[in-house]
Asks: 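Please find one structure pasted underneath; my questions will follow.
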Amino acid sequence: MGRYILKRILYFIPTLVLISLLAFIISIQAPGDPVDRLLNTSSATGEMLVESELVQQQRMQLRERLGLHLPVFYVSFSSLSQPATLPPALRPDEQQAFRRIVHTMGNNALAGDYYKSLQHLYQLHQDYPATSEVGSSGDSLRSGLQYSAASVKALLQEGNAQRVQDKLQELQNLYTYNIYFKPLQDGMEEVVQSWQKGTTNPSLWRNYIPVIRWHGDNQYHRWLLGDGNWLTGKGSTYQKGWIRGDMGTSYTTQLPVRSVIASRIGWSLFFTFSSVLLAYLISVPIGMKAAAARNSFFDRSSSVLLFLLYSMPAFWVATLLLMNFANPDVIRLFPSSGVAPTGGIPEGSSWWEWLRITLPYLVLPTICYTYAQLAFLSRITRVAALEVLQQDYIRTARAKGLSEGKVLYRHAFRNALLPVITVFANVFPAAIGGSVILETIFTIPGMGRAIIEAIYQEDYPMIVSVFTLTGVLTLCGYLLADILYAMTDPRISWKK
Amino acid sequence: MKAPTSHSNRQRAWRQFRQNTPAMVAMVFLTLLTGMALLAPYLANHRPLYAVVGDARIWPAFHPDKTYTLTMADGQTLRLQNDITDWRKVPMERVVWPVITYSPGVNDYNNTGFVAPNDPQFMVDAAGKTVPLSGRLKHQLGTNNTGKDVAAGLIHGARYSLSIGFVAMGIAGFLGILLGAMAGYFGDRQLAMRRGQWLMLVPGLLLGWMYGFYVRRYLLADAAATSPIAGALQLCWSVLIAAGILLLALWAGKWLSRMRFLHHRHFIPVDSLVSRTIEVVHSLPVFILIITVAAITRPSLLHVMVIIGLTSWTSIARLTRAEFLKIRQLDYISAANALGFSSMRIILRHALPNAIAPALVSIAFGIAAAILIESSLSFLGVGVPPGTVTWGSMVNEGRQQFSAWWLVVFPGLLIFTTVTAYNLIGEGLRDAFDPRLGETTS
């Protein structure tokens with residue numbers, strides 16, 4: 001048995017790796033700069049002249065600790081000209097442009113020089129003598145400086161050689177014709193020189209030499225295993241790694257994602273498991289009874305009813321139920337949202353009291369969670385039972401004179417159960433997926449609602465973490481189904 | 001394809017299917033629905049189909065961007081810019097309105113705030129007086145909060161739901177049948193390559209990608225940005241370069257294989273590869289994956305279709321594979337092999353027509369599932385561009401205002417009937433293709 005389980009677990013490793021890879025790819029594709037979101041600053045406002053040195057330092061440190069300059073994966077296949085690690089000061093949109101500049105120059109070092117000179121020029125804008133000292137023309141100077149700073153910023157994000165050329169020309173003209181830009185002129189000179197040095201004699205051949213590189217320290221590695229020792233996790237400074245429960249920091253709450261999820265996973269698991277259990281408890285007897293009395297009125301009517309139930313969208317049923325049974329204008333049998341009264345459950349109340357207060361909140365969600373699986377499960381049970389009831393040993397049991405109930409539940413039941421158990425692997429993920437909709441409608445504070453809130457607020461670490469966790473949970477469901485199957489079917493030998 | 005005799009399996013299946021009343025009803029319903037989706041702009045439109053203004057006969061619904069300059073009976077000229085005209089105020093001698101006299105995305109500011117189908121509805125006429133709406137001009141199924149017509153939304157929403165089903169399952173069907181057929185037909189020990197070719201395969205792929213795509217990546221991006229045609233042209237070049245390099249590498253591998261050490265044949269484990277892939281993809285949490293990807297990328301229906309397609313091919317592949325495993329044992333495949341037909345021809349012409357049935361059943365159920373997923377997504381407002389009126393998004397609006405039952409009941413009923421119809425067809429196909437059904441009823 002142990003070996004069988006071990007084997008199944010080993011089988012799931014490639015899927016786990018794929019899920020983690022998918023989640024990681026999604027997380028690095030997320031738009032925007034994580035550093036901005038984590039520092040709660042915005043780069044879009046154009047207020048670059050007021051950024052304090054402290055914020056800049058923080059930004060730099062965070063960037064380095066997050067490892068955004070590192071290669072994405074263990075192996076990279078690129079050209080000789082492209083560097084393995086990018087300059088750490090670059091923002092994600094600047095990284096793209098930088099790579100293109102490298103491609104234009106064919107030389108990583110020269111492109112680096114060009115970017116350094118650009119950043120220096122940008123810094124000069126910040127260090128420009130306070131505008132109040134200049135006197136009357138302060139306003140026009142300030143707007144001129146802002147324009148110039150914005151142009152330099154745009155240059156940092158521009159990879160197209162022609163457009164870079166044009167912008168450089170424009171800036172040069174601006175600086176030569178305007179005396180106030182004198183303090184910036186040296187910086188500008190440097191930029192133009194480094195650009196010309198890189199582009200006059202580009203070593204384009206380097207773009208055509210393929211290189212395969214191995215990176216021990218990369219973004220995926222840090223995301224998954226942290227930046228310390230990969231096995232023990234010791235010595236990590238910023239990321240402990242997903243595998244050790246470090247899922248990053250939520251952009252909106254600035255709390256660790258792990259604690260947010262930990263506070264919400266309970267309700268999701270509760271509804272998923274209770275509804276699956278309930279669905280089994282209801283549908284198996286229905287399926288057995290329908291199979292026993294085949295083509296009877298019960299058989300026909302139950303299969304039509306369940307078939308119709310199966311096609312009903314969960315969000316529709318949930319809305320209809322709320323509309324009719326939680327609506328003061330029609331019938332208000334149940335509360336319309338949440339899992340507890342707004343005042344909370346009074347402290348020191350007994351478990352009976354707790355149940356009495358909570359139960360009305362659970363009825364409608366449980367119905368919605370359960371009904372869709374009913375149809376599927378009872379259908380499977382019916383088909384399986386029909387198959388079993390045709391077997392010889394059932395005829396023998398009947399010939400012995402056993403009562404029909406005994407034949408059904410003592411002899412046929414266990415064998416009919418097998419396919420029903422395997423579909424646990426289908427029911428469980430469906431329940432998790434469905435939780436997104438139902439938790440949103442019934443405002444249940446679970447994971448499904450967490451991911452929807454995160455999507456509305458563009459909280460990417462949260463989205464990716466919930467995705468990964470659901471993937472892992474789904475896999476656990478499959479594993480559980482496999483093990484249950486092996487336990488109920490004596491014909492499956494575990495030794496192989 | 002023409003069947004040789006009247007007793008072919010396909011004809012028997014069709015006869016069986018035709019006797020299945022629910023499935024046939026579903027078929028008719030879906031045909032009507034498809035017709036409605038195709039004709040949506042002419043069934044629900046705030047412009048008349050045909051009108052006589054002054055002495056001009058015009059067809060406003062067919063020319064949404066046209067500007068009309070018309071001479072009225074009293075000699076005055078009337079300039080009508082079709083995209084902003086309120087046609088209800090135009091004096092018309094004769095007019096043929098569409099069935100529903102509203103367009104889906106257009107707000108009717110006189111009837112905002114959830115107006116029920118049988119509530120009094122109003123419009124401001126040409127003289128500036130508020131008059132009650134009556135007859136054809138009424139909102140037959142009510143309006144939403146901003147005064148959008150529900151019936152028009154239902155008719156146009158059919159386009160989204162049906163196209164999601166078709167495109168997603170088109171992708172899934174193609175992938176599933178292709179991979180399933182290859183896995184089932186070739187198995188693990190049919191296709192083989194010499195050791196030398198294996199050796200050259202990886203460098204060929206890598207170099208092909210390098211010189212075809214990686215080196216040209218900025219060229220490709222720039223071309224695509226200038227015009228789609230230029231982009232496509234450059235992409236063609238890239239594909240040609242990559243394919244050329246790969247072929248060159250394989251040819252070199254063939255040549256290398258003459259050496260004794262590299263001559264050994266190794267099989268390509270097609271079946272194992274496909275089966276493992278099926279297992280992995282099948283255990284992905286599809287719904288969460290879709291909303292995650294939809295959250296990261298720009299909301300677009302195409303993305304949703306592609307993701308649904310890329311994740312739901314597994315059951316089709318599994319069924320097709322099982323069918324091919326059975327079929328490749330049969331004598332007529334051996335006969336085709338003996339005749340020297342290529343594998344491609346045997347798979348496509350001989351095996352596939354006999355193996356397609358389970359895939360069709362699975363596709364029918366898959367379309368139902370895809371429609372459910374799409375409506376759930378637009379209910380949540382994820383993945384669909386904001387402002388798109390779909391069945392799911394209408395139910396969501398109804399959720400905000402429980403008294404607006406018409407926003408919940410009608411779209412929900414349509415989703416339900418459409419999904420049921422596809423499920424019934426799937427069921428009917430399954431029964432029809434099941435030859436045992438003559439003896440046992442299920």
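Residue numbers begin at 1 in each chain, while the letters A, B, ... track the order of the sequences. Note that the structure is predicted; figures quoted are calculated from it, not measured.
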Asks: Roughly how far, to the nearest 0.5 Å, is CD1 of B/I296 from CD1 of A/I25?
Replies: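 Going from the CD1 atom of A/I25 to the CD1 atom of B/I296 covers 12.0 Å.
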Asks: What option among A/I19, A/V466, A/L322 has the most heavy-atom pairs under 4.5 Å with chain B?
Replies: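 Heavy-atom pairs under 4.5 Å are most numerous for A/L322.
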Asks: Side chain, backbone, both or neither: which part of B/L206 has a heavy atom under 4.5 Å from chain A?
Replies: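 Looking at B/L206, backbone and side chain both touch chain A.
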Asks: Nearest 0.5 Å, what's the CG-CZ distance between A/L18 and B/R276?
Replies: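 A/L18 atom CG to B/R276 atom CZ measures 14.0 Å (nearest 0.5 Å).
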Asks: Tell me, do B/F379 and A/W316 make a side-chain contact under 4.5 Å, heavy atoms counted?
Replies: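 Counting from C-beta outward, B/F379 and A/W316 never come under 4.5 Å.
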Asks: Go through the atoms of A/Q96 and report whether side chain, backbone, both or neither lie under 4.5 Å from a heavy atom of chain B.
Replies: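 Backbone of A/Q96 only, per the 4.5 Å heavy-atom cut-off to chain B.
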Asks: Closest heavy-atom contact between B/F416 and A/S311?
Replies: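 B/F416 and A/S311 have their closest heavy atoms at CD1-O, 3.7 Å.
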Asks: Which one wins on heavy-atom pair count under 4.5 Å against chain B: A/G471, A/A30, A/P210?
Replies: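 Of the candidates given, the most pairs with chain B belong to A/P210.
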Asks: Please classify the contact of A/L204 with chain B as side chain, backbone, both or neither, using a heavy-atom distance under 4.5 Å.
Replies: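 For A/L204, neither part sits under 4.5 Å from chain B.
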Asks: At a heavy-atom distance under 4.5 Å, which candidate from B/I371, B/I290, B/T420 has the highest pair count against chain A?
Replies: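 Of B/I371, B/I290, B/T420, B/T420 has the most heavy-atom pairs under 4.5 Å with chain A.
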Asks: Name the member of B/L424, B/L380, B/V395, B/V419 that forms the most heavy-atom pairs with chain A at distances under 4.5 Å.
Replies: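 Ranked by heavy-atom pairs under 4.5 Å with chain A, first place is B/L380.
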Asks: Are any side-chain N or O atoms of B/Y211 and backbone N or O atoms of A/Y208, one a donor and one an acceptor, separated by less than 3.5 Å?
Replies: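 Yes; at least one donor-acceptor contact below 3.5 Å.
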Asks: Which atoms of B/W405 come close to chain A, meaning under 4.5 Å heavy atom to heavy atom: side chain ones, backbone ones, both, or neither?
Replies: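 Both backbone and side chain of B/W405 come within 4.5 Å of chain A.
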Asks: Give the member of A/P14, A/A326, A/S78 that has the highest number of heavy-atom pairs under 4.5 Å with chain B.
Replies: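 Between A/P14, A/A326, A/S78, the count favours A/S78.
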Asks: What's the separation between atom CZ in A/F467 and atom CG in B/L284, rounded to the nearest 0.5 Å?
Replies: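 Atom-to-atom, A/F467:CZ and B/L284:CG are 6.0 Å apart.
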Asks: Show your working on side-chain contact (heavy atoms from CB on, under 4.5 Å) between A/H103 and B/Y214 and close with a plain yes or no.
Replies: CA-CA 11 Å; A/H103 187 81; B/Y214 183 75; over 6 Å; no
Asks: Give the C-alpha distance, both sets of side-chain angles, the deciding distance and a yes or no for side-chain contact (heavy atoms from CB on, under 4.5 Å) between B/L289 and A/T470.
Replies: CA-CA 9 Å; B/L289 176 68; A/T470 358; over 6 Å; no
Asks: So with a 6.0 Å cut-off around CZ of A/F24, is the heavy-atom count from everything else above 12?
Replies: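 Counting other residues, nucleotides and ligands, CZ of A/F24 exceeds 12 neighbours.
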Asks: When rounded to the nearest 0.5 angstrom, what is the spacing between OG in A/S79 and CZ in B/R217?
Replies: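 That separation rounds to 6.0 Å.
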Asks: Does the side chain of A/I437 reach to within under 4.5 Å of the side chain of B/F287, using non-hydrogen atoms?
Replies: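 With C-beta onward as the side chain, the pair touches.
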Asks: Hey, are the side chains of A/F315 and B/I415 touching, using non-hydrogen atoms and a 4.5 Å cut-off?
Replies: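 Side chain of A/F315 against side chain of B/I415, heavy atoms only: contact under 4.5 Å found.
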Asks: Is it the backbone or the side chain of B/V409 that comes under 4.5 Å from a heavy atom of chain A, or both, or neither?
Replies: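 For B/V409, the contact with chain A is made by backbone and side chain together.
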Asks: Which one, A/T474, A/V317, A/L308, A/N160, leads in non-hydrogen pairs under 4.5 Å with chain B?
Replies: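 Of the options given, most contacts go to A/L308.
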Asks: Who among B/P22, B/S375, B/A368 has the most heavy-atom pairs with chain A under 4.5 Å?
Replies: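 That would be B/S375.
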Asks: Would one find more than 12 heavy atoms of other residues, nucleotides or ligands at under 6.0 Å from atom CH2 of B/W237?
Replies: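 Incorrect, the count does not exceed 12.
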Asks: Please report the closest heavy-atom contact between B/V408 and A/M323, naming both atoms and the distance.
Replies: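 Heavy-atom minimum between the residues: CG2-SD, 3.7 Å.
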Asks: Between A/L475, A/L473, A/I451, which residue shows the highest count of heavy-atom pairs closer than 4.5 Å to chain B?
Replies: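 Most pairs with chain B among the choices: A/I451.
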Asks: Given a strict heavy-atom distance threshold of 4.5 Å, which part of A/I441 is in contact with chain B: side chain, backbone, both, or neither?
Replies: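 Both backbone and side chain.
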Asks: Within this structure, what is the OG1-CG distance for the pair B/T292 and A/L22, rounded to the nearest 0.5 Å?
Replies: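 Atom-to-atom, B/T292:OG1 and A/L22:CG are 9.5 Å apart.
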Asks: Just to be sure I understand the criterion: a residue of residues 457-465 of chain A counts if one of its heavy atoms is under 4.5 Å from a heavy atom of chain B. Which ones qualify?
Replies: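 Near chain B, by residue number: A/Y460, A/I463.
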Asks: List the atom of B/Y218, the atom of A/R99, and the distance in Å for their closest heavy-atom pair.
Replies: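 For B/Y218 and A/R99, the tightest heavy-atom pair comes out as OH-C, 3.4 Å.
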Asks: Where does B/F402 contact chain A at under 4.5 Å (heavy atoms): side chain, backbone, both or neither?
Replies: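 It is both, since atoms from each part get that close.
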Asks: Among the options B/L207, B/V293, B/D222, B/V382, pick out the one with the most heavy-atom pairs lying under 4.5 Å from chain A.
Replies: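 Sorted descending by pairs with chain A, the first entry is B/D222.
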Asks: Which value, rounded to the nearest 0.5 Å, describes the distance between B/N423 atom CG and A/F307 atom CZ?
Replies: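 Here the rounded value is 4.5 Å.
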